[in-house]
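These notes concern the structure reproduced below.
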Amino acid sequence: MLEFTRAERAGEAHAFRFAPQTYLLRTRGGGFNSAEFPWTRALLDDLRAVRDPSRGPEVVHRLGEALRSFLAGAGWDAQEREIVRAVHEGEPVHVTIRSAAAELYALPWELLALRSTGQLLGSIPGLLVRYEWPDTASFPDRVPAAARCGRLLVAWSAAGGAVPAAAHLTAIRAALGPRFDPDRDVLAHASYAAIADALARAQRDGPPIDALHLLCHGAQTGGSDGGGSYGLAFDDEAADGHPVIVDAGRLQQLLAPHAGMLRLVVLAACDSGNVGEPGNLLGS
C-alpha cells in the first residue's frame with residue numbers, strides 16, 4: 001500500500017500547483033515520510049509522449065526513474081524487498097495506490113522499475129496495481145447469491161470510431177458459454193439511455209447483471225491542449241450520427257443506482273484512465 005497526502009504550508013491553497021510538490025507517504029507504523037515530486041513541463045511532455053505507441057524507450061525509462069527517485073526518500077526500499085520476495089516465491093502481489101492528491105493518479109505507476117531486477121511493476125506476472133480514493137468502500141451486494149447467474153451485459157458503440165465488437169463478443173461467448181445470451185445481453189450502438197434502461201430492467205425483472213462490459217472510444221471534453229478531462233463516446237439518442245461524451249460525473253449517475261447489483265464494470269476504451277492535466281478534479 002502506497003498512501004499519499006500532499007503536504008501544505010500554512011496559508012497555502014490546496015489546489016495543485018504546477019511546480020515541485022512535497023508529499024507525505026504513510027508508513028506501516030502510522031508515521032509519515034516526506035518526498036518531493038518534480039512536476040515540470042518536461043515531465044508533463046513525457047506523460048503525453050508515453051501514450052504514443054511510436055515513442056522511444058527512453059520516455060518509459062525517464063518516467064520510471066522519476067517515480068523510483070520520488071519513492072527513494074519515502075521508505076520504498078523495504079516494500080520493494082517484500083515485493084521481490086513474494087514474486088520469487090510465486091505469491092500474488094497487489095500494489096495499491098491511495099492518494100488524497102488527485103494529480104498522483106496521473107502518473108504511470110506501472111512503469112516504476114524495481115532497482116534489484118530492473119522489471120517494471122506492470123510487467124511482473126502475478127502483480128496487480130490498484131488505485132483507491134481515500135475513505136471509500138465497496139457498495140454491499142444486494143442480490144441474493146442464488147439469484148446470480150454470472151450474467152454479463154455488453155454495450156458497444158462505434159460513435160467515436162470503429163471498435164472490435166465481433167472479436168470481443170467471440171471471446172466472451174467462448175468464456176461464458178450458455179450463460180451468455182447475445183439476443184439479451186448485447187446492446188449494439190449503445191446510447192446512455194439504452195444502457196440505463198437495460199440496467200433498470202435487469203434490476204427490476206431479472207436476471208441481475210453481474211458485470212457490465214463497455215466497449216467504445218474515449219474522447220476529450222474541454223480544450224484540446226490536454227487541459228480538459230476525458231469521457232466515453234456513446235451513440236446519441238437522437239440518432240444524428242454524432243457521439244455523446246459521457247464524463248465521469250454522468251457515468252457515476254448511470255451506475256450508482258445499480259451499485260448493489262453490478263459487481264464489475266469493464267471500460268474497454270482508449271483514454272478511460274486519462275485524467276488530462278494533473279490536478280484535474282473531475283478525472284477520467
Side-chain angles (χ1 to χ4, degrees), residues 96-100 102 105-106 128-145 147-160 163 165 168-169 172 175-176 179-182 184-222 228-238 243-276 280-284:
T96 302
I97 310 296
R98 180 186 294 162
S99 173
Y105 294 109
L128 175 67
V129 180
R130 304 187 297 185
Y131 298 85
E132 293 182 359
W133 191 256
D135 296 324
T136 59
S138 298
F139 201 88
D141 190 351
R142 300 298 192 195
V143 178
R148 291 204 175 272
C149 60
R151 183 182 176 190
L152 184 148
L153 177 68
V154 178
W156 65 266
S157 170
V163 295
H168 279 238
L169 293 174
I172 290 169
L176 296 182
R179 289 180 295 165
F180 183 65
D181 181 353
R184 178 195 65 183
D185 297 332
V186 178
L187 291 178
H189 307 289
S191 66
Y192 184 98
I195 298 171
D197 289 345
L199 292 173
R201 188 164 54 251
Q203 186 155 295
R204 182 183 65 246
D205 304 327
I209 295 170
D210 295 80
L212 173 63
H213 185 91
L214 297 176
L215 171 62
C216 61
H217 279 271
Q220 193 171 22
T221 61
S229 60
Y230 287 81
L232 304 178
F234 290 163
D235 276 60
D236 190 345
E237 288 100 13
V244 171
I245 311 305
V246 177
D247 63 28
R250 287 200 69 203
L251 189 63
Q252 182 189 54
Q253 293 172 355
L254 175 67
L255 301 177
H258 312 291
M261 174 182 67
L262 290 171
R263 296 290 86 194
L264 174 69
V265 177
V266 177
L267 302 182
C270 54
D271 287 313
S272 58
N274 192 334
V275 299
N280 187 322
L281 294 180
L282 182 60
S284 180

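Contact of the I195 side chain with the L214 side chain is registered, since non-hydrogen atoms from C-beta on lie closer than 4.5 Å. Side-chain atoms of L254 and V246, non-hydrogen and from C-beta on, never get closer than 4.5 Å to each other. The shortest side-chain heavy-atom distance between H168 and V154 does not fall under the 4.5 Å cut-off. Between L212 and H258, every side-chain heavy-atom pair lies at or beyond the 4.5 Å cut-off. Contact annotation: the side chain of F139 never approaches that of L262 to less than 4.5 Å [non-hydrogen atoms, C-beta and beyond].
Pairing each heavy atom of I209 with each of A198, the nearest pair is CD1-O, 4.1 Å. Shown here for C216 and F234, the closest heavy-atom pair between the two residues is SG-CE2, 3.9 Å. The two residues P208 and V143 make their nearest non-hydrogen contact at CG-CG1, 3.8 Å. What you find for D247 and G249 is that their closest heavy atoms are OD1-N, 3.0 Å. Summarising the geometry of A233 relative to P243, their closest heavy-atom pair is CB-CB, 4.1 Å, with the distance given to 0.1 Å. Heavy atoms only, all atoms of each residue included: L176 and G150 are closest at CD1-O, 4.4 Å.
Residue Q252 places its CD atom among 12 or fewer non-hydrogen atoms of other residues, nucleotides or ligands, all under 6.0 Å distant. Enclosure of atom CG in D135 is not indicated, since only 12 or fewer non-hydrogen atoms of other residues, nucleotides or ligands lie within 6.0 angstrom.
With hydrogens and angles ignored, the 3.5 Å screen pairs no side-chain donor or acceptor of T96 with any backbone N or O of R130. The main-chain N or O of A259 is found under 3.5 Å from a side-chain atom of R263 such that the two form a donor-acceptor pair. Within the 3.5 Å criterion, the main-chain N or O of M261 finds no donor-acceptor partner in the side chain of Q203. In terms of modelled atom types and a separation under 3.5 Å, the side chain of Y192 and the main chain of R250 share a donor-acceptor contact.
The line from CG of L232 to CG of L267 is 6.0 Å long, rounded to the nearest 0.5 Å. Rounding to the nearest 0.5 angstrom, the gap separating the CG atom in L152 from the CZ atom in F180 is 6.5 Å.
For the salt bridge (charged side-chain N to carboxylate O under 4.0 Å, His left out) with R151, the qualifying choice from D210, D185, D181 is D185, the only one to do so.
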